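Encoded as structure tokens, the structure appears first; notes follow it.
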Amino acid sequence: SIKDSVKLCNFNCSQSQGITVQAIDDSRVLLIALKIDAGSFQEFRCDKDLVLGLDLESLSKILKQGNNEEYLTLMAEDSPDNLMAVFEDKKKDRISEFSLKLMDIDSDVLTIDDMETDCTITLPAYEFAKIAKDMKTLSESLKIVVTKDSVKFNAEGQIGTGSVILKPHTDMDKPEESVKIELNSPVALTFGAKYLNDIVKATSLSSTVTIKLTDKSPALFEYKLPSGYLRYYLAPKFDD
Amino acid sequence: KYKQSSLLSFFTNS
């Protein structure tokens with residue numbers, strides 16, 4: 001989900017936190033924070049805190065070697081030069097092993113203070129992905145306007161304008177289809193359509209996405225994982 | 001007509 005936004009990432013491993021990643025794209029506009037709790041894994045063991053510097057394109061090449069149904073075991077030594085990846089099918093009569101070179105990555109780490117949030121929107125992840133993709137064809141900027149009874153996505157481009165308005169509703173049968181708006185104060189913020197399209201690459205990871213918006217501040221887009229999260233912080237655009 | 005802001009103007013480097 002994140003390899004088009006960032007190329008090199010440090011994966012921090014610890015027994016208590018599981019795997020955490022913070023990465024910022026080269027333009028310093030999009031920050032990615034990933035947390036995969038230890039409980040997400042069938043087995044997780046980390047005797048000593050470890051930083052694995054990975055080239056995501058290379059990691060992706062290795063991960064594609066396995067079949068979906070296979071078990072994947074990732075292993076690294078105490079002061080590793082390589083990450084080992086072992087795929088095994090259920091009957092353990094096919095085993096494939098790969099080793100991926102690790103890198104020393106010197107990356108910025110930003111401190112994100114707890115933010116006051118003006119509004120929180122939860123909507124189906126596929127719905128947000130469709131809006132982000134469709135609106136990008138109209139404009140390189142997407143404005144999100146939230147009031148207590150609607151969230152409006154608005155694009156103004158060369159060929160014309162477009163908007164999608166969603167109203168809050170609760171779907172009792174399929175809660176993940178609901179649209180929820182929690183509002184402390186109304187917000188209107190504009191974001192780069194390109195970055196929103198990078199963010200929605202996480203769509204398959206979660207049925208819903210939660211968007212937290214605060215006036216004149218970066219937005220938080222959160223995809224909850226079964227045990228952990230993938231968060232994107234996106235700096236807004238301002239009227240020039 | 002819009003100017004893209006940077007995360008560095010909101011978050012501190014640690």
Side-chain angles (χ1 to χ4, degrees), chain A residues 5-6 10 12 22-33 106-116 139-144 154-158 161 188-196 198-199 212-221 231-240, chain B:
Chain A
S5 308
V6 287
N10 280 324
N12 304 291
Q22 194 199 92
I24 306 161
D25 84 308
D26 287 340
S27 61
R28 305 288 189 264
V29 171
L30 184 64
L31 181 145
I32 294 154
D106 191 17
S107 63
D108 290 342
V109 175
L110 298 183
T111 305
I112 298 155
D113 307 317
D114 274 338
M115 297 187 298
E116 293 282 315
S139 170
E140 58 186 32
S141 300
L142 182 65
K143 190 174 186 179
I144 307 179
N154 192 55
E156 292 179 21
Q158 296 275 324
T161 65
L189 281 167
T190 303
F191 300 100
K194 165 194 178 304
Y195 296 104
L196 293 170
D198 285 339
I199 292 171
K212 292 182 186 237
L213 300 174
T214 302
D215 191 34
K216 298 186 177 64
S217 302
L220 168 59
F221 300 85
R231 291 177 181 160
Y232 295 88
Y233 294 86
L234 177 60
K237 284 179 148 188
F238 293 112
D239 282 323
D240 203 4
Chain B
K1 61 190 160 116
Y2 287 108
K3 193 167 170 249
Q4 176 64 61
S5 66
S6 163
L7 285 173
L8 300 179
S9 48
F10 300 100
F11 299 139
T12 45
N13 242 312
S14 51

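The model shown is predicted, which means the values in this text are computed figures rather than measured ones. Chain letters run A, B, ... following the sequence lines, proteins first, then strands; residues in each count from 1.
The distance from atom OG of A:Ser217 to atom CG of B:Leu7, rounded to the nearest 0.5 Å, is 11.0 Å.
Residue contact with chain B, scored on non-hydrogen atoms closer than 4.5 Å, involves the side chain of A:Tyr195 exclusively. For chain B, the nearby part of A:Glu156 is the side chain; its heavy atoms alone come within less than 4.5 Å. Within the 4.5 angstrom heavy-atom criterion, atoms from both the backbone and the side chain of A:Thr111 approach chain B.
Qualifying ring pair (Phe, Tyr, Trp, His ring centres under 6.0 Å) partners for A:Tyr233, counting only residues two or more places apart in sequence or in other chains: B:Phe11. With sequence neighbours left out, B:Asn13 forms a side chain to side chain contact (heavy atoms under 4.5 Å, CB included) with A:Asp108, A:Leu110, B:Leu8.
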Quiz prompt | Residues A:Asp240, B:Lys1; criterion side-chain contact (heavy atoms from CB on, under 4.5 Å); working and verdict | solution = CA-CA 6 Å; A:Asp240 203 4; B:Lys1 61 190 160 116; 5.5 Å; no
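At distances below 3.5 Å, at least one donor-acceptor pair connects side-chain atoms of B:Ser5 with backbone N or O atoms of A:Pro236. Between the side chain of B:Gln4 and the backbone N or O of A:Ala235, at least one donor-acceptor pair lies under 3.5 Å.
Pairing each heavy atom of B:Phe10 with each of A:Lys216, the nearest pair is CE2-O, 3.1 Å.
Few gaps surround NZ on A:Lys237; more than 12 heavy atoms of other groups in view lie less than 6.0 Å from it.
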